[in-house]
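Here the structure comes first, spelled out in structure tokens, and everything after it is commentary.
Every chain is numbered from 1, with letters handed out A, B, ... down the list of sequences. All figures in this text were calculated on a predicted structure; none of them were measured in a lab.
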Amino acid sequence: MPIALLSPPKTEAELMARAQQLAGKSFAEVAAERQIHLPENLQRNKGWVGNLIEISLGAQAGSKAEQDFAHLGIELKTIPINAQGQPLETTFVCVAPLTGNIGVTWAQSHVRQKLAKVLWIPIEGERHIPLAQRRIGAPLLWQPSREEEQQLQADWEELMEMIALGQVEKITARQGEFLQIRPKAANNRALTTAIGPSGDKILTLPRGFYLKKQFTAPLLARHFG
DNA sequence: GCATGATCATTT
DNA sequence: AAATGATCATGC
């Protein structure tokens, strides 16, 4: 007898109340509540925690493009942290568009849309903690400050200019102070179309935008530090 | 392949 | 130790 699927939260307050009720619970506890299988580790289940939290908050798991709670204008992101509350990983934002970028501005960008309002759920992520014992932290509903938005915009414009000028294969994860571009693919044989150095079409590895820890660390510290 | 969810693991 | 580049699962 499957348990009932949680309905989407109707209001921001309801979403936050649910998120606060998850705080302090272990993955084992929450997985049991929702009758979700708990894997040994995340090696072959990298999105497991994100899916667990989605289901536990009433987002439709395996959803389509758009924010997790589109009716509330809120994107959900789990972020693994260490014992000091610092992020252990970068945060994937969205796929980097490698073609069709003529005339696209920061204001219209997917990065800005995705990050307009984010519900951050910190989770214990240190690998020495067995997955079952890792706990969920207190939620943080965040909107970028003017300064944060300017930081992201500057990196985005630099990186998008390189893409538009056919320099995508010269982009490295070292570029961008707060926002970087790295591979986002099943493996290194995956290919997608991009603009080449001569302005022609080339095939290259799909890339994604990621928030560097230099961006998310202060964001978390301001609230939890 | 692309979009969802990210973390792994090699390199520096 | 930290960051970069590579990778894993799933649905369509």
Classify [X] by what it touches in the nucleic acid, base, sugar-phosphate, or nothing, heavy-atom distance under 4.0 Å.
| X | result |
| --- | --- |
| A/N45 | nothing |
| A/R174 | sugar-phosphate |
| A/E75 | sugar-phosphate |
| A/Q214 | sugar-phosphate |
| A/G50 | sugar-phosphate |

### Query
Do the side chains of A/E75 and A/K117 get nearer than 4.5 Å, heavy atoms only?
no

Between [N] and [X], counting only base atoms on the nucleotide and side-chain atoms on the residue, is there a donor-acceptor pair under 3.5 Å?
| X | N | value |
| --- | --- | --- |
| A/K184 | B/dT4 | yes |
| A/R134 | B/dT7 | no |
| A/Y210 | C/dA3 | no |

### Message
I want to check a possible cation-pi pair here: A/R134 against A/F27, using under 6.0 Å from ring centre and within 45° of the ring axis as the test.
### Response
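Negative - A/R134 is either too far from the ring of A/F27 or too far off its axis.
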
### Message
Just N and O in the side chain of A/R44: are any of them under 4.0 Å from OP1 or OP2 of C/dA9?
### Response
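Answer is yes, contact under 4.0 Å.
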
### Query
What is the distance from CD1 of A/I53 to P of B/dT7, rounded to the nearest Å?
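From A/I53 CD1 to B/dT7 P: 11 Å.
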
